[in-house]
Number of protein chains: 2
Amino acid sequence: MLIAEPLQKAIEELTKLPSIGRKTAQRLALYLLKSDAKYFNDLIASLVSLKENIKFCKQCYNLAVEDYCDICKSEKRDKSLICVVEDISDVIAIERTNEYNGLYHVLGGVLSPLEGISVENLKISELFDRLKNNDVKEVVLALNPDTEGEATSLYLAKMIKHLKIKVSRIARGIPVGGDLEFSDIATIGRAVLNRIEL
Amino acid sequence: MLIAEPLQKAIEELTKLPSIGRKTAQRLALYLLKSDAKYFNDLIASLVSLKENIKFCKQCYNLAVEDYCDICKSEKRDKSLICVVEDISDVIAIERTNEYNGLYHVLGGVLSPLEGISVENLKISELFDRLKNNDVKEVVLALNPDTEGEATSLYLAKMIKHLKIKVSRIARGIPVGGDLEFSDIATIGRAVLNRIEL
């Protein structure tokens, strides 16, 4: 009786979304309630279309509207270069830079014994199938520099080297616009070790 | 080509929501994309039901599933007491306290000449119709203590007094659990002025 039932239900469902707490969920629900019908219908249609029309690329597991994603289908990309990332959001982040022209491989996570994520839960055998059946010259590992990411990188690097394929890792260092004084020791240490001759 | 079109569209629509920036919108869209169909359908159904089934109470402009809201329809509420609030979220906030047993009147905003919100844009004439046609003994003004809220409170108090109805305002003071040392001068000043005899 405190909150009308349909509002209560909508708040509950919205609270299940990541980074949406109860207060934000209530604000969103009240906003949607008061929003004009056009915006509301556009929003719902866009979400339903997202769910219905987006699939995962059969080669790299990036998002795709057909069997293969735009990147895998593109004639302009360097097919001898594969960048291994944890998640689709990493593909988006790297694509935004306009600095990378190869293909991707989305693992769908990183190895994490504590969370029960092992080789079989990730697209690792699919990666090796690609490496064996295509003329790949280099694999760039772009996993997050946390413990699990580093361990997964080491594992993959070892396995890929067996195939006589070059393996690299994206550079670690002081972020562009970052401040040496406020960087942590590990980052400064890596930046010194990986210094580049000018 | 950077982001598949349906994802791009969903992110754009989500970004229009309050307190959702581009990064959060992307996170939400990717989450929905990967979520199981049951949760996705529940969420969409709850939002559509919210939009379709919730109306505004014909008396107090609170949320309602029928013509009148649960509070206005309740036999247990004190109908001689009306609490005037800015928005529906304020009704929810006051109801949560379980300290108020009267009815409400949702203005839908406060007077703000700068934003072009005048008496006609708010449910003010509807409030006076209620006051004239019902046996109301007291009006509690519970608008936010900012400049516009205070100005609107003063305006309403003056008009309501003409009808020989008692007007009160919710108390200002140090928040429960708050710290005197860290309260601003205006709040401490109000708290001293509005001290209560023990």
Notebook entry, point to check: Is it the side chain or the backbone of B:I20 that comes within 4.5 Å of chain A heavy atoms, both, or neither?
Noted result: side chain
Checklist line | Contacting region of B:N41 [heavy-atom separation from chain A under 4.5 Å] | finding: neither
Distance check, rounded to the nearest 0.5 Å: [X] atom [atom1] versus [Y] atom [atom2]?
X: A:S89; Y: B:K23; atom1: OG; atom2: NZ; result: 10.0 Å
X: B:E5; Y: A:D70; atom1: CD; atom2: CG; result: 11.0 Å
X: A:I54; Y: B:L7; atom1: CD1; atom2: CG; result: 5.0 Å

Taking [options] one by one, which has the highest count of heavy-atom pairs under 4.5 Å against chain A?
options: B:D42, B:I44, B:N53; value: B:D42
options: B:V65, B:T24, B:L28; value: B:L28
options: B:I88, B:L63, B:L17; value: B:L17

Within 6.0 angstrom of [X] [atom1], more than 12 heavy atoms from elsewhere:
X: A:K58; atom1: NZ; answer: no
X: A:K79; atom1: NZ; answer: yes
X: A:K16; atom1: NZ; answer: yes
X: B:K73; atom1: NZ; answer: yes

Does [X] belong to the same Ile/Leu/Val/Met/Phe/Trp/Tyr cluster as [Y], with side-chain heavy atoms less than 4.5 Å apart forming each link?
X: B:V167; Y: B:I165; result: yes
X: B:L143; Y: B:F128; result: yes
X: B:L154; Y: B:V119; result: no
X: A:L131; Y: A:L111; result: yes
X: B:Y31; Y: A:L43; result: yes

Check: Looking only at heavy atoms, what is the nearest atom pair of B:A10 and A:S46, with distance?
Finding: CA-OG, 3.6 Å
Next item on the list: Kindly give the heavy-atom pair with the smallest separation between B:L47 and A:F40, and that separation in Å.
Entry: O-CZ, 3.3 Å
Check: After noting the C-alpha distance and the side-chain angles of A:F56 and B:K34, does the key distance pass the side chain to side chain contact (heavy atoms under 4.5 Å, CB included) rule?
Finding: CA-CA 10 Å; A:F56 294 96; B:K34 289 187 264 184; 4.1 Å; yes
Checklist line | Per-residue contact mode, A:L50 against chain B (heavy atom under 4.5 angstrom) | finding: both
Checklist line | Proximal component of A:A64, with respect to chain B [non-hydrogen, under 4.5 Å] | finding: neither
Next item on the list: Would you check if the side chain of A:K51 reaches a backbone N or O of B:L32 as a donor-acceptor pair within less than 3.5 Å?
Entry: yes
Notebook entry, point to check: Ignoring hydrogens and geometry, is there a side-chain-to-backbone donor-acceptor pair from A:Y39 to B:E13 under 3.5 Å?
Noted result: yes
Margin query: Checking A:R27 against B:S19: is there a side-chain donor and acceptor pair closer than 3.5 Å?
Written below: yes
